[in-house]
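Beneath this line is the structure, given in structure tokens, with notes to follow.
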Amino acid sequence: MVLLKLAIGISLVLYGTSLLINTATILGKKFNISDFIIGIVVIGFGTSLCELVVSIDAVLKNATELSLGNIIGSNIANIFLVLGFSGLVQKIEIPKIKNFDILFHIIISSIFFLIFLFLKINFLIGIIFIGTFFLYIFKSFYKSDTSNDNEEVKLVNKLSTLSFNHPIKIGFPIIFFSTVLTIYGADMTVINAIEISKQLGISEAIIGLSIVAVGTSLPEIAAGIAAAKRKKIGLIFGNIIGSNLYNILLIVGTSSLLNQFDYNNQNLLIEIWLMFISVVIFSIVIKYFKKIDKMFSILLLILYFIFMLVLYSKNLTPL
């Protein structure tokens with residue numbers, strides 16, 4: 001029953017986020033917002049909404065390590081799983097990505113890594129993270145062109161058509177509804193993930209790194225696969241970079257403003273190192289590689305599977 005409730009919770013999160021992404025993308029086209037902004041800001045935020053509501057809800061339920069595990073695990077999954085599954089669908093010709101976005105991604109990840117190891121994430125750091133997040137969003141809007149590449153808007157269903165034709169009456173209310181649905185699903189997910197961790201003798205941090213992290217990363221994976229099928233490769237990398245930045249700056253920042261934000265960083269020591277290494281590898285790939293083929297994609301998926309096996313073998317305890 002607990003597993004069923006967990007599955008229902010994750011399903012609600014996924015459906016709510018999917019609805020949000022689709023509607024936000026349609027509205028972006030309606031108001032002539034560029035694909036770059038849609039990928040980094042709209043889709044990046046939409047796919048990270050799962051992590052946001054799950055992490056805040058976990059902190060409010062005094063499960064901060066589940067929250068941090070979810071964020072760290074999601075950033076790892078965003079790189080290994082999104083690139084892995086996207087590359088299986090379509091050989092990825094790596095697009096030209098601005099040095100600023102590459103550097104900003106690795107610098108923010110490094111700062112989070114060092115703070116996690118040597119300091120304590122607190123209220124002040126949270127404020128700095130949130131401020132940096134809004135500065136990044138402002139720069140993304142300010143420096144990007146506002147053309148939509150003259151691409152014809154594809155309205156895949158009646159709901160999309162209504163959102164495009166009536167953005168105020170239909171589009172924005174759908175965004176509100178999808179947000180509420182996502183939050184409700186996240187609440188169900190956190191409650192039952194904590195219950196599973198107690199029943200199996202697995203720490204909340206490990207549950208956050210695995211079940212919840214993969215579940216909340218499914219929107220990024222789905223968005224990556226969809227972008228690969230449409231050969232919108234830039235959206236894949238924009239979504240990964242955007243989602244990882246949202247997870248650290250907005251989600252960690254917002255969560256750390258809560259009084260209950262307390263954790264033991266030793267419980268996530270290996271995982272934070274893996275997150276940092278994965279970001280370095282990702283940065284090298286997008287800077288110096290020309291393509292990601294199926295063999296490399298399979299390798300990424302195998303490495304992630306090995307990581308999961310090691311994670312559980314080291315943390316499962318006899319009941």
Looking at Ser48 and Ile251, what are the two nearest heavy atoms and their distance?
-> O-CD1, 3.7 Å

Listed partners of Phe305 passing side-chain contact (heavy atoms from CB on, under 4.5 Å), at least two apart = Leu309

Neighbour count >12 (heavy atoms, 6.0 Å) for atom CZ, Phe100 = yes

Whether over 12 other heavy atoms sit under 6.0 Å from Phe104 CZ = yes

Judged by atom type as modelled, is there a donor-acceptor pair below 3.5 Å linking the side chain of Thr189 to the main-chain atoms of Ile10?
-> yes

Output, in order, the C-alpha distance, side-chain angles, deciding distance and verdict of side-chain contact (heavy atoms from CB on, under 4.5 Å) for Phe112 and Leu249.
-> CA-CA 9 Å; Phe112 175 58; Leu249 295 176; over 6 Å; no

Path from Ile281 to Tyr288 over hydrophobic side-chain contacts below 4.5 Å | yes

Which pair of non-hydrogen atoms, one from Gly224 and one from Val82, has the smallest distance, and what is that distance?
-> CA-CG1, 4.3 Å

Indicate the atoms forming the closest heavy-atom contact of Ile236 with Ala227, along with that distance.
-> CG1-CB, 3.6 Å

Are Ile125 and Leu117 grouped together when hydrophobic residues (ILVMFWY) are joined by side-chain heavy atoms under 4.5 angstrom apart?
-> yes

Other residues, nucleotides, ligands: >12 heavy atoms within 6.0 Å of Tyr184 OH | no

Sequence-distant partners of Ile286, side-chain contact (heavy atoms from CB on, under 4.5 Å), two or more places apart = Ile94, Ile97, Ile102, Phe237, Ile241, Phe282

Are any side-chain N or O atoms of Ser178 and backbone N or O atoms of Ile175, one a donor and one an acceptor, separated by less than 3.5 Å?
-> yes

Which value, rounded to the nearest 0.5 Å, describes the distance between Leu300 atom CG and Ser86 atom OG?
-> 10.5 Å

Might you point out which heavy atoms bring Phe80 and Leu301 nearest each other, and give the distance in Å?
-> O-CD2, 4.1 Å

If you count the non-hydrogen atoms of other residues, nucleotides and ligands that lie under 6.0 Å from NZ in Lys61, is the total more than 12?
-> yes

Begin from the C-alpha positions of Leu6 and Val2 and carry the test side-chain contact (heavy atoms from CB on, under 4.5 Å) through to its verdict.
-> CA-CA 6 Å; Leu6 178 67; Val2 177; 5.6 Å; no

Rounded to the nearest 0.5 Å, how far apart are CG of Leu303 and CD1 of Ile76?
-> 12.0 Å

Between Lys291 and Lys91 the two heavy atoms that sit nearest each other are CD-CD, 4.0 Å

Decide whether Asn239 and Glu220 meet the rule of one side-chain donor and one side-chain acceptor closer than 3.5 Å.
-> no

When rounded to the nearest 0.5 angstrom, what distance separates CG in Leu68 from CG in Asn247?
-> 11.5 Å

Once you round to the nearest 0.5 Å, how far does CD1 of Ile168 lie from CG of Leu27?
-> 8.5 Å

Consider only side-chain heavy atoms of I, L, V, M, F, W and Y, link residues closer than 4.5 Å, and tell whether Phe113 and Leu269 are in one cluster.
-> yes

Is there a donor-acceptor pair closer than 3.5 Å between any side-chain N or O of Tyr263 and the backbone N or O of Ile121?
-> yes

Would a hydrophobic clustering, with Ile, Leu, Val, Met, Phe, Trp and Tyr connected at side-chain separations under 4.5 Å, put Ile221 with Leu88?
-> yes

Is there a donor-acceptor pair closer than 3.5 Å between any side-chain N or O of Ser278 and the backbone N or O of Met275?
-> yes

When rounded to the nearest 0.5 Å, the distance separating CG of Leu257 from CZ of Phe123 is 5.0 Å

Over all heavy atoms of both residues, which pair between Ser163 and Ile174 is shortest? Give the atoms and the distance, please.
-> OG-CD1, 3.4 Å

Between Ser55 and Asn70: side-chain donor-acceptor atoms closer than 3.5 Å | yes

CZ on Phe276 to OG on Ser109, rounded to 0.5 Å = 8.5 Å

Linking Ile, Leu, Val, Met, Phe, Trp and Tyr through side-chain heavy atoms less than 4.5 Å apart, which residues share a cluster with Phe176?
-> Val180

Can you tell me if Asn192 uses its side chain to pair, donor with acceptor, with the backbone of Met188 under 3.5 Å?
-> yes

Flag for Lys120-Asn265: side-chain donor and acceptor within less than 3.5 Å = no

Are Ile107 and Leu135 in one and the same hydrophobic cluster, where Ile, Leu, Val, Met, Phe, Trp and Tyr link if side-chain heavy atoms are under 4.5 Å apart?
-> no

Worked check of side chain to side chain donor-acceptor pair (under 3.5 Å) between Lys287 and Asn99 | CA-CA 8 Å; Lys287 181 65 177 177; Asn99 287 332; 2.6 Å; yes

